[in-house]
Structures are given as C-alpha cells and as structure tokens.
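Data block below; observations after.
Values below: all heavy atoms of this structure, side chains included; hydrogens, waters and symmetry mates excluded.
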Amino acid sequence: MIRLARLTPLLAGLLFGCGLILSGMSNPAKVLAFLDIAGNWDPSLIVVMASAVAVATPAFWWSKRSRRAWSGEAVDITSRRPIDRRLLAGSALFGIGWGLSGLCPGPALIVAAGGHAGVLLFVAAMVAGMLLSGQIHSESDA
C-alpha cells in the first residue's frame, strides 16, 4: 500500500496533464476563444467542463462518504467555508489572469515544460504570487 500511496499523486498528475493536453486546455488560444463570447466564440470547452464535473461529482461524493482513498490514506476534503473577501479577491485575480493569458496554473506548467519564455515568466510570476500570498496570509492569521 505504501508504494501505491506514493505512486497515486504521480499517476493522478499524469492523468490530469494528459486530460489538459487532449482537451485543448493547455492551448491558450483555444481557452481565449472559449472566453470570447462576444466575438469568435469557440464553445467546445463546454464539453470538457461538463465532463470534468460529471467525473468529479461522484468522486467527491464517494470521497466524502468513505474518508479513505483506494490507497488507504485518509481523505481530507475541506469543509464548507463562507464566501469572504479573500475568496472573492482571489477568484477575481484568477479569472482576470486566465482571461488575459488563456492560461491557468495546471496548463501553464504543461506549456512551460516546452521551454516557452513567455510561459516560463508566467509561471515564475505565479509562483512569486503564491509565495507572497502565503507570506501575507500567514502574517495576517498570526
């Protein structure tokens, strides 16, 4: 079971990455075309999102009930938290960044693996933002 527990994140990451590539989510032009509902809209990513919800919903339902993963590890799904200013601000920043670049964190890591300079800069800025946010919130929570 220990080996499975160590392999599970790797396999899940590989599966997620393959899904992002196959679906076109790692193509910023396709994502921007999906978000451009007033222009040359490409609705094909609706199928991707609906498929993701269809797969994730039973998995979350099962995880909440079982409290154990198939590997035997405890499942810790965060309980419901109120919608607060911090969540709204983070969501707005995420959406603005996604709308401007066509990239969100997972696809950005995939595209960065290709060595594209602009995406490497995006990932560096993303990591810096995560570290800065963690620093700010650890100070405000203390």
Side-chain angles (χ1 to χ4, degrees), residues 3-142:
R3 288 185 181 172
L4 182 61
R6 289 183 179 174
L7 283 177
T8 300
L10 175 64
L11 294 174
L14 287 172
L15 183 63
F16 182 64
C18 287
L20 291 174
I21 292 169
L22 291 173
S23 67
M25 292 290 292
S26 61
N27 179 352
K30 187 166 186 71
V31 172
L32 289 173
F34 173 70
L35 296 174
D36 187 13
I37 57 174
N40 192 16
W41 187 46
D42 175 4
S44 62
L45 292 182
I46 287 175
V47 175
V48 174
M49 294 184 183
S51 301
V53 170
V55 170
T57 299
F60 273 100
W61 178 82
W62 179 80
S63 297
K64 279 187 162 187
R65 291 189 174 264
S66 69
R67 299 284 181 198
R68 292 271 170 207
W70 289 337
S71 62
E73 291 187 21
V75 174
D76 183 22
I77 295 179
T78 304
S79 60
R80 185 174 288 183
R81 293 178 18 192
I83 297 173
D84 59 7
R85 186 178 61 151
R86 195 164 135 182
L87 175 63
L88 293 174
S91 301
L93 285 173
F94 180 90
I96 290 168
W98 197 28
L100 289 174
S101 68
L103 290 169
C104 62
L109 293 175
I110 292 170
V111 178
H116 188 273
V119 178
L120 290 171
L121 181 62
F122 176 92
V123 170
M126 180 179 75
V127 170
M130 290 175 171
L131 294 172
L132 180 63
S133 173
Q135 183 67 31
I136 289 170
H137 291 299
S138 70
E139 290 175 5
S140 66
D141 292 341

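Of the N and O atoms on the side chains of Ser23 and Lys30, not one donor lies less than 3.5 Å from an acceptor on the other residue.
Surrounding CD1 of Ile83 are at most 12 heavy atoms belonging to other residues, nucleotides or ligands under 6.0 Å away. Taking a 6.0 Å sphere around CD1 of Ile37, one finds it holds 12 or fewer heavy atoms contributed by other residues, nucleotides or ligands. Within 6.0 Å of atom CG in Asp84, more than 12 heavy atoms from other residues, nucleotides or ligands are found, so the atom counts as buried in its surroundings. With a 6.0 Å radius and a threshold of 12 heavy atoms from other residues, nucleotides or ligands, Phe94 has its CZ atom above the threshold.
For the atom pair CG (Leu100) and CG (Leu32), the distance works out to 8.5 Å, reported to the nearest 0.5 Å. With rounding to the nearest 0.5 Å, the separation of CZ in Arg86 from CG in Leu88 is 12.5 Å. Separating the CG atom in Leu35 from the CG atom in Asp42 is a distance of 10.5 Å, to the nearest 0.5 Å.
Judged purely by atom type and a 3.5 angstrom limit, Ser133 has no side-chain atom pairing as donor or acceptor with the backbone of Gly129. Trp41 places a side-chain N or O within 3.5 Å of a backbone atom of Phe34 that can act as its donor or acceptor partner.
Counting only residues at least two apart or in different chains, salt bridge (Lys or Arg N to Asp or Glu O under 4.0 Å) contacts with residues 99-127 are absent.
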Tabulate below the donor-acceptor pairs under 3.5 Å that side-chain atoms of residues 11-19 make, not counting sequence neighbours, or state none.
none

Residues 115-127 side chain polar contacts: donor-acceptor under 3.5 Å, at least two apart:
from: His116; atom 1: ND1; to: Gly118; atom 2: N; distance (Å): 3.3
from: His116; atom 1: ND1; to: Val119; atom 2: N; distance (Å): 3.3

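In terms of heavy atoms, Val48 sits closest to Met25 at CG1-CG, 4.1 Å. Taking every heavy atom of both residues into account, Ser26 and Pro107 meet most closely at CA-CB, 3.7 Å. Shortest non-hydrogen contact noted between Pro28 and Ser101 is CB-O, 3.5 Å. Minimum interatomic distance between Gly106 and Leu20 (heavy atoms only, all atoms of both residues): C-CD1, 3.9 Å.
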